[in-house]
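Here is the structure we will look at.
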Amino acid sequence: MDIDDLIKKIQPYFSELKAEDFMSSPVVTIREDQKASEAKELLRTRRISGLPVADKEGKLKGIISIEDIIHALENNMLDSDISELMTKNVVCITKNEKIMDVFKKFEMYGYGRFPVVDENKKVIGIVTKYDLMIALLVKLSILYVHDTRREQFVGVEIYRSIPKNVKIVREEFEFQIDYRDISMAGTGASELKKFLISKNFPPKFVKRIAIATYEAETNVVIHSNSTGRIKAYIEPEFVEVRVNDNGKGIENIELAMKEGFSTAPDYVREYGFGAGMGLTNMKKCADRMIILSSKGNGVLVEMHFWRHEDEN
């Protein structure tokens, strides 16, 4: 089932959702008096395919896309004002439009994104198909997304966990979790800590990653009744950690995220685990955390960590 089929299937159950409920906001915009070269750099660094163009008051004036930048490159127009290259008649979404109407616009126009405007035509957000999908999955308690740096990455077209065809270039670390021995919980996090230190990541940064990974690993041991796996991917300023299992899954992620909530049995609590703080601690440590799960379908936790200035 692809993303369009998924949205079609479940959106009627959440017809009350409005664009302002699932849009990404605030959104990166650019002014029409800026240069095409500036738009090119923004598109490259933000990894997006289009930018709303707004005036000084934030009112929508147009859209500039990668296709427009290619045209500028071909015609030696990178020094031209964006107003000369942008599309001026923009199809947009109002903040009160219902989710089914928004999806119809995606089907009708085939665009990858739409700017969202308020009653004064000010740009207040952006909507992609992935915003629709994530809003629906969150409503179904299948997905949880926490992102402290979201405002810096608004408009990113894909989530690295969804869809499955997104590829990670380098896999750097892997550890198999054995759920049968609770006394071994945390071994994978310890090994990851050693690995990251060997790659010369600063101790404060590594400590944050190790704590979050320890909590995720312990959850696999306590709750899944299944083997699991830790994978880590590294870049100079960024580490991504994935912890997954094929066990019982989480029936209600929203409830599980509440501080102190736990389904750990008594014998687990005797070992000092199961206080209901694991997911909370993971959220505190990770800059971005995605949990994808449903009853009987295991759990995938993906955590992103960026190096902070005070960790260097």
Side-chain angles (χ1 to χ4, degrees), residues 1 3 6 9-10 13-14 133-147 159-164 166 168 171 173-192 209-233 240-286 288-304:
M1 180 183 294
I3 184 173
L6 176 63
K9 186 172 182 178
I10 63 179
Y13 299 100
F14 305 106
M133 180 183 72
I134 285 169
L136 293 171
L137 291 179
V138 168
K139 274 287 187 179
L140 288 169
S141 288
I142 292 173
L143 184 73
Y144 171 83
V145 180
H146 154 74
D147 199 339
Y159 284 81
R160 294 175 79 167
S161 294
I162 305 170
K164 292 182 178 179
V166 178
I168 302 297
E171 179 179 316
F173 174 89
E174 184 170 351
F175 180 86
Q176 298 294 325
I177 303 170
D178 186 351
Y179 74 98
R180 292 169 294 185
D181 187 353
I182 193 170
S183 68
M184 297 298 290
T187 304
S190 178
E191 291 298 316
L192 176 58
I209 297 170
I211 291 171
T213 305
Y214 170 83
E215 297 287 8
E217 180 184 1
T218 302
N219 279 348
V220 173
V221 175
I222 293 174
H223 300 291
S224 74
N225 196 32
S226 163
T227 55
R229 182 170 58 180
I230 301 170
K231 284 188 174 183
Y233 311 90
E240 175 184 324
V241 177
R242 292 187 181 187
V243 182
N244 71 284
D245 64 69
N246 299 306
K248 297 182 291 185
I250 302 173
E251 189 169 353
N252 188 320
I253 296 179
E254 183 179 359
L255 180 61
M257 286 302 304
K258 291 185 177 180
E259 191 170 312
F261 176 83
S262 177
T263 59
D266 290 338
Y267 80 90
V268 168
R269 295 177 186 271
E270 290 174 4
Y271 278 89
F273 299 110
M277 296 297 294
L279 293 176
T280 301
N281 288 337
M282 289 155 60
K283 178 181 175 180
K284 288 178 181 178
C285 290
R288 182 168 186 249
M289 182 171 76
I290 301 169
I291 302 175
L292 182 62
S293 183
S294 59
K295 187 177 181 180
N297 291 305
V299 180
L300 169 65
V301 177
E302 179 176 299
M303 296 177 287
H304 295 181

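Just so it is clear, the model here is predicted, and its values are computed rather than measured. Counting from 1, the numbers follow the sequence of the chain as shown.
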Which heavy-atom pair separates Gly298 from Ser293 by the least distance, and what is that distance? O-OG, 2.6 Å
With Glu240 as reference, evaluate Glu302, Arg288, Lys231 under the side chain to side chain contact (heavy atoms under 4.5 Å, CB included) test and give the passing residue. Glu302
In short, Ser226 meets Asn246 closest at the heavy-atom pair OG-N, 3.2 Å
So do Tyr214 and Asn281 actually touch side chain to side chain, heavy atoms under 4.5 Å? no
Once salt bridge (Lys or Arg N to Asp or Glu O under 4.0 Å) is applied, what residue pairs with a partner in residues 219-229 remain, sequence neighbours excluded? Glu174-Arg229
What I'd like to find out is whether the side chain of Ile230 reaches to under 4.5 Å of the side chain of Glu217, using heavy atoms alone. yes
Determine the minimum heavy-atom distance between Ala212 and Cys285, stating which atoms define it. CB-CB, 3.8 Å
Considering only heavy atoms from C-beta outward, does the side chain of Asn219 approach that of Leu279 to under 4.5 Å? yes
From Phe173 atom CZ to Thr213 atom OG1, the distance as rounded to the nearest 0.5 Å: 8.5 Å
If you measure from CD on Glu191 to OG1 on Thr187, what distance do you get to the nearest 0.5 Å? 7.5 Å
Sidechain-backbone polar pair: Lys248 side chain, His223 backbone, donor-acceptor under 3.5 Å: yes
Which heavy atom of Val299 sits nearest to which heavy atom of Gly249, and what is that distance? CG2-CA, 3.9 Å
Where is the tightest heavy-atom contact between Met303 and Ala286, given as atom of each residue plus distance? CB-CB, 4.0 Å
Please report the interatomic distance CG(Asn297) to CD1(Ile250), rounded to the nearest 0.5 Å. 11.5 Å
Would you say Asp245 and Ile177 make side-chain contact, with heavy atoms under 4.5 Å? no
